[in-house]
Amino acid sequence: MGGGVPSDPESETGAARVEAFIRDARTSYRGLSRDVGRLRAALTDAGVELETYPRSDQPFFHLGETHKLIETIAARDDPLTIFAGAGVSVDFGCPDWRTLVALLIANRLVLDDDMPKPEAREVATQLVRACGPIPAASVAMRLYEESTRTRSDPLKQIHSDLSGYLYSEWDAPAGPLLREIVRLAITWRGLGRDIAVITTNYDDHLEREAARQGSPYDFFSMTSASPRNPPDEVVPVYHLHGLARRDGVVEGDIVLSERAHVSGRELVSVPEPDNWREDVILGHLEQSSVLFVGTSLTDPILVTSLIVTSQRTGHSRYATFPRQADPWLEEPQDTIREALDRVSVERLRHLDVEPIRPDFFGQVAQFLAEVRLCSVAGPGSYAGPDAAIRYGQRMSRWWSDWSLKITKRGFASAQRACQRLLANGRDSIAEQLGLTAKRGDAEQLKLELWARAEPEARSLELWCSSEATFHSPQALMHRSPVTNNSPYVAVQAFCQGYVKRGPVSPTRDARWRSFASVPIELEGPPWEQLTVGVINLLSTAPATQSALAGLDFEGKQLAIVDLLRETGRGILDPAAQWPSRSLLLRQRLALRARSTLFRKA
């Protein structure tokens with residue numbers, strides 16, 4: 001059946017039950033959580049399919065309350081703590097917490113029970129889904145403790161396997177969320193403000209991203225094994241669940257199972273619990289404002305700490321909860337949609353946390369960028385009616401400048417120039433992926449660029465392709481609303497905010513079977529971090545057979561993604577010249593230089 005609400009008595013009863021649950025919501029955290037479950041059960045019983053909610057009625061960055069939130073956070077003079085959850089590492093390309101636990105369980109099923117890998121992964125995934133990730137992590141821990149292969153030192157093997165899963169998947173370029181956390185921390189430190197990061201993630205991607213950006217401040221890793229107080233003039237990064245570095249070094253206690261979540265340690269021989277995590281969380285909740293990013297706020301110790309410090313600290317707590325993460329209705333009935341949204345919001349407010357509700361995951365990183373810009377510009381620079389640095393003002397200026405550039409050049413001439421840029425990029429990538437003339441007959445590649453045309457329309461438009469040109473604006477027939485349930489991979493990548501890969505839905509295009517989509521951002525004045533389009537790399541081969549699988553190996557994806565971004569900026573930057581012979585040359589030289597570097601490595 002469709003995603004709409006059936007107009008029958010049972011459905012109406014379900015809607016009435018939804019409203020009743022909101023009115024009778026419990027005042028305790030456990031009660032609210034139970035009511036969410038009852039609410040979703042009522043919807044299911046009423047025959048309503050929970051889907052992904054496309055977007056809110058009003059653009060998030062055009063709302064006055066969003067402007068005020070940005071201004072308020074940027075103007076705070078107390079210390080700030082950014083709490084980075086699993087969503088930050090997922091944004092970078094790491095497995096999420098559920099997937100990580102499932103991989104550990106599947107690994108033991110394959111090695112100890114000789115279970116085929118596909119079956120083991122399906123069993124592990126279903127187990128995590130049925131039990132929840134923390135109880136399932138206890139199962140994983142028990143499997144390692146009982147395995148004849150790992151019984152002598154189960155923690156050592158878990159540490160090794162964790163590092164493999166965190167770093168051996170394709171080494172994606174830093175996602176915008178990780179990048180913007182680092183940039184905000186550097187900016188605030190430069191303004192003389194105290195800032196710290198707390199994370200439940202095991203990886204060291206944040207510290208490595210700070211080094212990649214050339215941070216003048218040391219992003220100093222803190223674990224349960226570190227001194228209690230960080231050095232002066234650093235940005236401390238507290239790893240609550242331990243740190244498994246890329247080089248294999250493990251610092252602090254890795255928190256995996258229920259036992260460790262309670263005691264802070266996996267070793268049963270340690271009689272006294274380690275209170276380091278509680279001390280870190282409580283200390284920062286009591287002494288700083290906190291901005292939660294990429295977390296569902298369900299960690300038991302974190303929830304307890306939020307309740308203990310509620311209404312007593314004098315500091316503020318904010319949490320970004322994108323609607324894209326919510327189970328919604330494909331065609332939501334307003335009453336039910338508002339009820340579901342209120343449940344999410346009221347649960348946060350019960351924990352004394354102010355909710356920030358963008359539509360899409362990609363808007364969280366943009367929100368941090370806006371806070372950073374406002375912090376530098378000063379009080380009153382963002383919320384005023386004529387604030388030039390506001391997101392909407394910058395986006396409108398970009399569209400005005402870019403469309404004027406097209407008008408001056410002439411539509412057909414601009415199309416030809418952009419088609420040459422895309423064709424050159426396609427040929428360079430094919431060369432890098434080893435698609436010889438013979439292989440090219442079997443597998444074809446295509447580049448296409450989608451632009452944020454007429455930003456107030458909240459849509460993406462297929463502007464140009466490496467395969468053909470459009471001769472008039474009326475020929476631009478592919479325009480899709482920016483909604484997170486869009487069938488177009490460009491729109492999906494735009495909403496996610498980071499590089500997206502996979503198979504193309506067969507219902508959309510029979511010829512193009514797999515893709516890699518890269519959002520295009522313009523940085524530096526006057527745009528100051530704007531996502532203005534998406535570039536698609538498409539292949540006629542299925543994802544499992546395509547040369548795009550070469551993006552998994554030896555850093556090739558870094559060179560190719562950089563080339564895609566440079567090509568996209570060369571088209572969408574109003575200051576870029578068309579045709580750009582220097583860009584065509586830089587494309588090939590940059591790709592060959594990166595390829596040579598990785599071959600030598």
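For the single chain, residues carry numbers from 1 onward in sequence order. A quick note: this is a predicted structure, and the numbers were derived from the prediction, not measured.
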Can you list everything that forms a salt bridge (charged side-chain N to carboxylate O under 4.0 Å, His left out) with E521? Sequence neighbours excluded, please.
R179

Contacts of F83 meeting ring pair (Phe, Tyr, Trp, His ring centres under 6.0 Å) (sequence neighbours excluded), chain-then-number -> F292

If the threshold is 4.0 Å, N to carboxylate O, is there a salt bridge linking E443 and R513?
no

Close side-chain approach of F367 and V293, heavy atoms under 4.5 Å
no

Name all residues meeting the salt bridge (charged side-chain N to carboxylate O under 4.0 Å, His left out) criterion together with R129; count only those two or more places apart in sequence or in a different chain, and write none if there are none.
none

Side chain to side chain donor-acceptor pair (under 3.5 Å) filter on R426, not counting sequence neighbours, yields E467

D113: partners by salt bridge (charged side-chain N to carboxylate O under 4.0 Å, His left out), with sequence neighbours left out
none

Between the main-chain N or O of E456 and the side-chain N or O of W399, is there a donor-acceptor pair closer than 3.5 Å?
no

For Y202, give me all partners under ring pair (Phe, Tyr, Trp, His ring centres under 6.0 Å), at least two apart in sequence or on another chain.
none

By ring pair (Phe, Tyr, Trp, His ring centres under 6.0 Å), which residues pair with H159, not counting sequence neighbours?
none

What pairs with S517 under side chain to side chain donor-acceptor pair (under 3.5 Å), at least two apart in sequence or on another chain?
N536

Taking only residues two or more places apart in sequence or in another chain, which ones pass ring pair (Phe, Tyr, Trp, His ring centres under 6.0 Å) with F411?
W463

Only counting residues at least two apart or in another chain, list the ones meeting side chain to side chain donor-acceptor pair (under 3.5 Å) with S465.
none

Non-neighbouring partners of E207 that pass salt bridge (charged side-chain N to carboxylate O under 4.0 Å, His left out), sequence neighbours left out
none

For Y391, check side chain to side chain donor-acceptor pair (under 3.5 Å) against everything at least two apart and list the hits.
R452

